[in-house]
2 protein chains.
Amino acid sequence: MPVRKPSSKLTAIARQSLGEQVADILREQILLGDLKPGDTIPERETSAALAVSRTPLREALLMLEVEGLIEMAPARTPMVAKPSLLEVTHLLLVQSALEALAGECSCEEATEEEIEEIEAMHQTMLEMMDNPDPVEFFKIDMGFHEAIVASTKNLPLIKTHKQFHARLWRARFLSARRRSAREMAMIDHGRIVEGLRRRDKELVSSAMRQHLRLAIDNVRVAFAREETENNLLSGESGHSSTVG
Amino acid sequence: MPVRKPSSKLTAIARQSLGEQVADILREQILLGDLKPGDTIPERETSAALAVSRTPLREALLMLEVEGLIEMAPARTPMVAKPSLLEVTHLLLVQSALEALAGECSCEEATEEEIEEIEAMHQTMLEMMDNPDPVEFFKIDMGFHEAIVASTKNLPLIKTHKQFHARLWRARFLSARRRSAREMAMIDHGRIVEGLRRRDKELVSSAMRQHLRLAIDNVRVAFAREETENNLLSGESGHSSTVG
DNA sequence: ATGCCATATTTGGTATACCAAAACTTGACA
DNA sequence: TGTCAAGTTTTGGTATACCAAATATGGCAT
């Protein structure tokens, strides 16, 4: 609604700026796959579609760019980031360090209730192992990791983890579809939960690290598979996305 | 220069947008201490002072806010972030994890030349131990850490580290003025350099971690000292900055 | 038929005008 | 004299107009 509202009632609370709201919308679209890597986001067209002016849209684009979700070149239409395998590997390395730290801190900072909640999520995942829908399983998986990070009460850590999380979402989703990957992930999760219960920093930290390292391998095969699929579809055309 | 330049010569390259340039200027001002924590950055006044319009200034403010260098509330004038001791501690914990990871990766990725350069910086610092000017010493100290991170070639890691670096700059500068802190830091640096030369991931990683943990202690005493100084000056007025 | 250059159109970058919500001021009333 | 309320001013939020660079397109010369 780009129109004025001269004085309608009280303007509700409107707690966050339009730019942030737009950023949330776009972020969700990217995460959900409505906007795929490589898709462009022209300013005029998109702002019109969202019924806002270009200014808040540009704010949103700027935020997402700092977060690494989209790429903006000097005079080039903004594009959803399309990380290479190398870059995803780099991101996962950082994420593994962040989560290992989170695990350590969580042993000291997490309340009993928080640990119980984390355990509950793990249990839910165990029961969902045979669920054919990978999306639900994946969401809880991500929630499991988020809950551990949140229990540290370390705001900068939580925020940074969240950003990497968003950038890795797609890659991890693609790689989490394999049944075998799920099974191995659950083993790691089991060790993590056990470590948290005993508040054993070493155990949690190393389990976290191994879990993410496993993710690197899974992503690698996911990339390889996507590559071959693309080649089958377009026969040798598209540029390889496996090299940074 | 808010005026139009109808067609003056060729407009040079102008590689980065005005907003980024402004962000660079403000970031430097904050790092150099020209803008101190708690200082406000009113949009109109600042944009006039920099001879740009509000639009690129707001872009810059937005970037710095995402980076955590300034704080922006809904209808409140932007302010240079004033992290509490708790928050600085949290930041240092994350930074320690990032640098520990950097140390590990550097053992695998750094070239011989890069390691030699890092060693050279260490040597320079050793020779500067008695330099009365803490600023120069500090700059090289920061360069030492940056060089190690850069040698990993992990772009997301480099970028994230840089952001935390900026947020921690002031606190670390204040805490690095103590002679004893410098001496202990040099011991850690020595271990780090030795580890890199032997490409011993465990050694480098643990040395990095210990080094940053030491920094946490130093920051704590620096905060305490600043607190007492403020109390002496203003007699019980200012709100304590030691609690998040 | 093809390659190149001029022009038209699209797109992002910047400036500015306008609006609404806070913050500050001031004056009247208790 | 203290306090509260209304008005003023300041500040950030949003929309829009305009500009320049980049790209696409079509015609012209070879």
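This is a predicted model, so every value here is computed, not measured. Chain letters run A, B, ... following the sequence lines, proteins first and then strands; every chain starts at 1.
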Is any N or O donor-acceptor pair between the side chain of A:Arg76 and the base of C:dG12 shorter than 3.5 Å? no
Separation of D:dC19 P from B:Leu18 CG (nearest whole Å): 17 Å
Do the side-chain N and O atoms of A:Ser106 and A:Ser151 include a donor-acceptor pair separated by under 3.5 angstrom? yes
Nearest-Å distance for atom pair CZ/C1', residues A:Arg54 and C:dT11: 8 Å
Round to the nearest Å and state the distance from A:Met72 atom CE to C:dT11 atom P. 14 Å
Please report the distance, rounded to the nearest Å, between CG in B:Leu62 and C1' in D:dT14. 14 Å
Is A:Thr77 near enough to C:dT10 that one of its side-chain N or O atoms lies under 4.0 angstrom from OP1 or OP2? no
Rounded to whole Å, please give me the gap between CD in A:Glu45 and C1' in C:dT9. 15 Å
Could you check how far CD of A:Gln21 sits from C1' of D:dT14, rounded to whole Å? 12 Å
Result for side-chain contact (heavy atoms from CB on, under 4.5 Å) between B:Met208 and one of B:Gln95, B:Arg213, B:Glu99, B:Glu104 points to B:Glu99
On DNA chain C, nearest-nucleotide positions of B:Arg44 versus B:Glu59: which is more 5'? B:Glu59
Distance, rounded to the nearest Å, where B:Met79 contributes CE and C:dA23 contributes P: 14 Å
Could you tell me whether the phosphate oxygens of D:dT14, OP1 or OP2, come under 4.0 Å of any side-chain nitrogen or oxygen in A:Thr55? no
Checking A:Leu93, A:Leu86, A:Thr89 against B:Asn154 for side-chain contact (heavy atoms from CB on, under 4.5 Å), the one that qualifies is A:Leu93
Check the side chains of B:His145 and B:His211 for a donor-acceptor pair under 3.5 angstrom, ignoring hydrogens and angles. yes
